[in-house]
Structure formats: C-alpha cells, structure tokens
Number of protein chains: 2
Amino acid sequence: MDTNDCEILLKEHDIKPTANRNLVLKALDEAARPLSMLELEDEIETIDKSGIFRTLRLFVDHHLVHVIEDGSDAVRYELCHSSHDEIDDDQHAHFFCQVCHKTYCLGEISLPELAVPQGFTATSVNYLIKGVCPHCSKCD
Amino acid sequence: MDTNDCEILLKEHDIKPTANRNLVLKALDEAARPLSMLELEDEIETIDKSGIFRTLRLFVDHHLVHVIEDGSDAVRYELCHSSHDEIDDDQHAHFFCQVCHKTYCLGEISLPELAVPQGFTATSVNYLIKGVCPHCSKCD
DNA sequence: CTTTCGCTTGCAACTCGGTTGCAAAATGTT
DNA sequence: AACATTTTGCAACCGAGTTGCAAGCGAAAG
C-alpha cells in the first residue's frame with residue numbers, strides 16, 4: 001500500500017489524511033498480524049506514543065481498524081477488512097503465542113454462532129486461543 | 001462455605017490456610033461471578049491490595065482459581081470447578097456486560113472444539129461475548 | 001500576502017491496575 | 001524461650017494507556 005492508497009482508504013472512512021496517519025496505516029497494513037501500541041511505536045520511531053494512541057482511536061472510531069484483546073495486557077489493533085462503515089463483522093479467532101508474544105489472525109477458522117441465554121444481548125464476540133506458534137515450536 | 005470448608009478446600013490444593021486466604025476464598029465462592037482484584041478489594045476491606053494479589057497468585061498457581069480476561073482492562077478470577085490439580089479444563093464462555101461492567105459465567109454454553117491450523121499448539125481457549133446483561137436491558 | 005481559526009502533534013504529566021522490596025507481625029520448629 | 005520461616009501491610013514502583021497544554025501547521029478569510 002503506497003501513500004496514495006493510504007490516503008484513498010483514509011478518505012473512504014472520512015479521515016483527513018496526514019503524514020502520521022499514513023504511516024500508522026501503512027504499518028498496520030504491512031504487518032500481517034495485529035499490532036500493539038508498543039509494536040507500532042518502535043515500528044515508527046518518528047511518532048510519539050500519544051500521537052499513535054490518538055491515531056488509533058480515530059481509526060477505531062471510524063471503523064478502519066478494530067481492537068482485539070489477546071491476554072497480553074496490551075490491546076492490539078488490526079485493519080478492518082469488512083466493508084466500510086458497517087458494524088465490524090470481522091469475527092474470527094486469534095492466536096496468541098505464549099513464547100514470542102505475537103498474535104496471529106486465524107482467518108480460516110469461522111466462529112460458530114453461539115446462542116446467548118435468554119435476556120442477554122450480544123454485541124461482539126471474542127475468540128482467543130493461546131499456545132505456541134509454528135515458529136516457536138520449531139526452535140524450542 | 002464456612003471457614004472450615006474453606007480450610008479443607010485450601011488443603012486439598014496444598015495451600016496453608018490463613019485468615020486472609022479464607023476470606024478471599026469465601027468472597028470468591030459467594031460471588032457467583034468472576035471478580036476482579038478491585039472488586040475483591042472492596043469486598044474485603046481488611047486486606048491490602050498486595051495481599052489480595054499474592055493470595056490470588058497463589059490460588060492460581062495451585063489451580064484453585066483461574067483467570068479470565070474480559071475486555072475490561074482488569075483481569076478477573078473465578079473458582080475452579082474442575083477436579084483439583086488437573087490442568088484447568090473449565091472451558092466455558094463468559095459474558096461481559098458493557099453497561100454494568102460485570103462478568104457472567106455462561107456455564108451452559110459449551111465451547112465448540114476448534115481445530116487450530118497446522119503447526120500451532122493450543123493450550124487454552126478464551127471465549128468472550130460482550131453485550132448487555134438481562135438486568136441492564138430492563139432498566140435502559 | 002498576511003492574519004486568523006481550527007486541527008494535529010509532541011512533550012510531560014498523570015491514571016490505574018498490577019507488582020515488588022522491605023520490614024514488621026504471625027506462625028512454626030527446635 | 002530462641003530461632004527460622006511464612007505471611008502481611010505499607011509504600012514505592014512499573015508499564016500501558018490517557019490527557020492538558022502549548023507549539024506547529026494548513027486552509028480559509030481578510
């Protein structure tokens with residue numbers, strides 16, 4: 001994704017493109033996996049922590065990225081692939097490697113529809129598997 | 001669960017019973033739902049934050065309670081109902097209410113077995129549903 | 001072209017859950 | 001009783017996230 005693609009995508013989500021926003025978007029796109037704020041911080045040394053934070057919040061508000069919670073006491077952010085501005089329906093499982101602390105997106109696993117008990121209203125579902133990733137299994 | 005029951009349960013998990021540990025265990029038992037450290041803190045005003053923390057860590061290490069992560073940037077603890085000292089196989093979904101910020105245990109929903117992709121090794125699964133609980137739905 | 005207004009940014013300070021060092025208190029052992 | 005071990009409370013710390021504020025920047029108005 002070059003700078004021009006970034007700007008187009010940003011505009012599609014009603015976000016005014018800026019240099020920083022292009023950088024964050026590009027970083028998220030190039031990492032094939034969800035990134036934490038910290039990972040973004042040292043991917044893009046030129047932007048302050050608070051800048052990254054505000055950019056991510058903006059992206060989330062505009063349904064450009066969504067938030068996933070692996071158990072790593074650091075929320076991660078991932079580009080939203082569902083059609084823009086719709087409610088985020090990218091429901092898929094994630095895998096957190098307990099060795100390298102990376103989070104993978106298990107797109108191929110579709111989530112079974114679960115019926116919640118009477119009276120509960122579900123708005124989002126989070127399926128997280130923890131374990132060891134292929135790379136860390138090899139070099140144990 | 002009276003004090004005596006607590007001590008028996010603690011001993012079954014190779015934990016030396018103390019006054020504080022009985023209190024924490026009783027509080028976890030009486031709350032029918034998973035509690036955060038903060039919730040325990042103001043349930044039991046007599047114990048310091050650090051004491052609760054260390055007690056919980058001890059309980060987790062001895063498979064007496066297990067940890068669940070709702071998305072509420074505060075981990076929650078719940079009594080483990082699987083047979084003692086086994087690997088924690090209390091796999092069940094939880095429900096986090098976005099209004100009252102309480103977490104419910106959806107015991108009745110059984111988790112579908114998911115096959116992880118080639119090369120990944122799964123050690124634990126976390127299924128979290130967010131939405132609005134029956135009580136908060138009523139008083140909206 | 002310059003002024004003005006509003007958005008964006010970096011810095012520093014702060015919040016809050018969780019964690020640890022340490023000394024005092026409690027408990028257990030000889 | 002004297003000593004060793006464990007548990008506890010306090011205060012200080014940590015790290016991710018968050019916010020206030022002033023400076024920077026760019027677009028619109030004069």
Side-chain angles (χ1 to χ4, degrees), chain A residues 3 6-7 10-11 13-28 34-62 64-78 96 101-103 128, chain B residues 3 6-7 10-11 13-28 34-62 64-78 96 101-103 128:
Chain A
T3 306
C6 287
E7 304 211 337
L10 289 173
K11 280 178 195 151
H13 287 266
D14 292 314
I15 299 170
K16 193 201 311 184
T18 69
N20 279 357
R21 290 169 188 171
N22 287 334
L23 283 174
V24 173
L25 177 54
K26 199 182 291 192
L28 283 172
L35 298 181
S36 67
M37 239 181 71
L38 191 64
E39 286 170 329
L40 279 168
E41 258 179 271
D42 39 51
E43 189 71 29
I44 321 172
E45 302 97 346
T46 58
I47 314 183
D48 183 73
K49 188 165 69 141
S50 66
I52 294 180
F53 169 72
R54 285 191 264 238
T55 302
L56 287 171
R57 185 167 57 186
L58 187 71
F59 285 4
V60 170
D61 288 350
H62 286 71
L64 176 55
V65 307
H66 55 179
V67 172
I68 70 161
E69 289 136 8
D70 47 17
S72 68
D73 66 15
V75 171
R76 281 193 163 80
Y77 301 87
E78 152 178 81
F96 177 70
H101 289 200
K102 285 186 180 141
T103 298
L128 176 68
Chain B
T3 305
C6 286
E7 303 211 337
L10 288 173
K11 280 177 195 150
H13 288 266
D14 291 315
I15 300 170
K16 193 200 313 185
T18 69
N20 279 356
R21 289 170 189 170
N22 288 333
L23 282 173
V24 173
L25 177 53
K26 198 182 292 191
L28 282 172
L35 297 182
S36 66
M37 241 180 70
L38 191 63
E39 287 170 328
L40 279 168
E41 257 178 272
D42 38 50
E43 190 70 29
I44 321 172
E45 300 98 347
T46 58
I47 315 183
D48 183 72
K49 187 164 73 140
S50 65
I52 294 180
F53 170 72
R54 285 190 265 238
T55 302
L56 288 170
R57 185 167 56 187
L58 187 70
F59 285 3
V60 170
D61 289 349
H62 286 70
L64 175 55
V65 308
H66 55 179
V67 172
I68 70 161
E69 289 137 8
D70 48 18
S72 68
D73 64 16
V75 170
R76 280 191 162 82
Y77 301 86
E78 152 177 80
F96 178 70
H101 289 201
K102 285 187 180 141
T103 299
L128 175 68

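Proteins come first, then strands; the chains are lettered A, B, ... in the order of their sequence lines, and each starts at number 1.
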Visitor: For a side chain to side chain contact (heavy atoms under 4.5 Å, CB included) with A:Leu23, tell me which candidate from A:Leu40, A:Thr46, A:Thr3 qualifies.
Guide: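 Answer to the side chain to side chain contact (heavy atoms under 4.5 Å, CB included) test with A:Leu23 among A:Leu40, A:Thr46, A:Thr3: A:Thr46.
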
Visitor: To the nearest Å, give me how far apart CD (B:Glu69) and P (C:dG17) are.
Guide: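 After rounding, the gap between these two atoms is 16 Å.
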
Visitor: Working to the nearest 0.5 Å, report the span between CG of B:Asp42 and CD of B:Glu39.
Guide: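 Atom-to-atom, B:Asp42:CG and B:Glu39:CD are 7.5 Å apart.
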
Visitor: Can you tell me how far C1' of C:dG17 sits from CG of B:Leu35, to the nearest Å?
Guide: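 Those two atoms, CG and C1', are 16 Å apart.
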
Visitor: Roughly, in whole Å, what's the span from CZ in B:Arg76 to C1' in C:dG18?
Guide: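 The answer, rounded to whole Å, is 15 Å.
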
Visitor: Where does the chain B footprint on DNA chain D start and end, counting 5' to 3' with a 4.0 Å heavy-atom cut-off?
Guide: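 Boundary nucleotides touching chain B, in 5' to 3' order, are D:dT6 to D:dC10.
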
Visitor: Quickly work out the B:Leu38 CG to C:dT15 P distance and round it to whole Å.
Guide: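 Between P of C:dT15 and CG of B:Leu38: 16 Å.
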
Visitor: Which is more 5' along DNA chain D, the nucleotide nearest B:Thr18 or the one nearest B:Asp73? Just name the residue.
Guide: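 In this pair, the answer is B:Thr18.
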
Visitor: Give the minimum heavy-atom separation between B:Leu128 and A:Glu69, together with the two atoms involved.
Guide: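 Looks like CD2-OE1, 4.5 Å.
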
Visitor: Could you tell me how far apart A:Arg21 (CZ) and C:dG10 (P) are, to the nearest whole angstrom?
Guide: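 To the nearest whole Å, that distance equals 11 Å.
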
Visitor: Quick one: list whatever passes side chain to side chain contact (heavy atoms under 4.5 Å, CB included) with A:Glu43, sequence neighbours left out.
Guide: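 Scan of A:Glu43 (side chain to side chain contact (heavy atoms under 4.5 Å, CB included), adjacent residues dropped) gives A:Ala27.
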
Visitor: Heavy atoms only: give me the nearest A:Pro34-A:Glu78 pair and the separation to one decimal.
Guide: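 For A:Pro34 and A:Glu78, the tightest heavy-atom pair comes out as CG-OE2, 3.6 Å.
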
Visitor: Once ring-ring contact (aromatic ring centres under 6.0 Å, His included) is applied, do any residues pair with B:Phe59, and if so which ones, sequence neighbours excluded?
Guide: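 B:Phe59: no ring-ring contact (aromatic ring centres under 6.0 Å, His included) contacts found.
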
Visitor: Would you jot down, in residue-number order, the residues of residues 49-61 of chain A having a non-hydrogen atom under 4.0 Å from DNA chain D?
Guide: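 Output list: A:Lys49, A:Ser50, A:Phe53, A:Arg54, A:Arg57.
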
Visitor: Rounded to the nearest 0.5 Å, how far apart are NE2 of B:His13 and CD1 of B:Ile15?
Guide: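 Spacing of NE2 (B:His13) from CD1 (B:Ile15) equals 7.0 Å.
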
Visitor: Base, sugar-phosphate, or nothing for B:Thr46, non-hydrogen atoms under 4.0 angstrom?
Guide: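 If one applies the 4.0 Å heavy-atom cut-off, B:Thr46 turns out to touch the sugar-phosphate alone, with no base involved.
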
Visitor: Side-chain donor-acceptor contacts of residues 49-56 of chain B below 3.5 Å, not counting sequence neighbours, with atom names and distances?
Guide:
{"residue": "B:Ser50", "atom": "OG", "partner": "B:Asp48", "partner atom": "OD2", "Å": "2.6"}
{"residue": "B:Thr55", "atom": "OG1", "partner": "B:Gly51", "partner atom": "O", "Å": "2.7"}

Visitor: Give every residue pair that meets the side chain to side chain donor-acceptor pair (under 3.5 Å) criterion with at least one member in residues 15-26 of chain B, sequence neighbours excluded.
Guide: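 Passing the test, one end in residues 15-26 of chain B: B:Glu7-B:Asn22.
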
Visitor: May I have the distance from A:Asp48 (atom CG) to C:dC14 (atom P), rounded to whole angstrom?
Guide: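 Distance check: A:Asp48 CG to C:dC14 P gives 17 Å.
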
Visitor: Separation of B:Asp70 atom CG from C:dG17 atom C1', in whole Å?
Guide: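 Going from B:Asp70 (CG) to C:dG17 (C1'), I get 13 Å.
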
Visitor: Please report the shortest heavy-atom distance between A:Val67 and A:Val60, naming the atom on each side.
Guide: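 Of all heavy-atom pairs spanning A:Val67 and A:Val60, the closest is CG2-CG2, 3.8 Å.
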
Visitor: Would you list the protein and nucleotides 23-30 of chain C atom pairs, both N or O, that sit under 3.5 Å from each other?
Guide:
none

Visitor: Which atoms form the tightest heavy-atom contact between B:Phe96 and B:Arg76, and what is the distance?
Guide: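 Answer, listing the atom of B:Phe96 first, then B:Arg76: CE1-NH1, 4.1 Å.
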
Visitor: Please report the interatomic distance CG(B:Asp73) to NE2(B:His101), rounded to the nearest 0.5 Å.
Guide: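 Rounded to the nearest 0.5 Å, the CG-NE2 separation comes out at 9.5 Å.
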
Visitor: Which angle, to the nearest 10 degrees, lies between the helix axes at the two ends of the helix from C:dC1-D:dG30 to C:dT30-D:dA1, each defined by five pairs?
Guide: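 Computed angle between terminal axes is 0°.
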
Visitor: Report the distance from atom CG of B:Leu64 to atom CG of B:Leu28, rounding to the nearest 0.5 Å.
Guide: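 It comes to 8.0 Å.
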
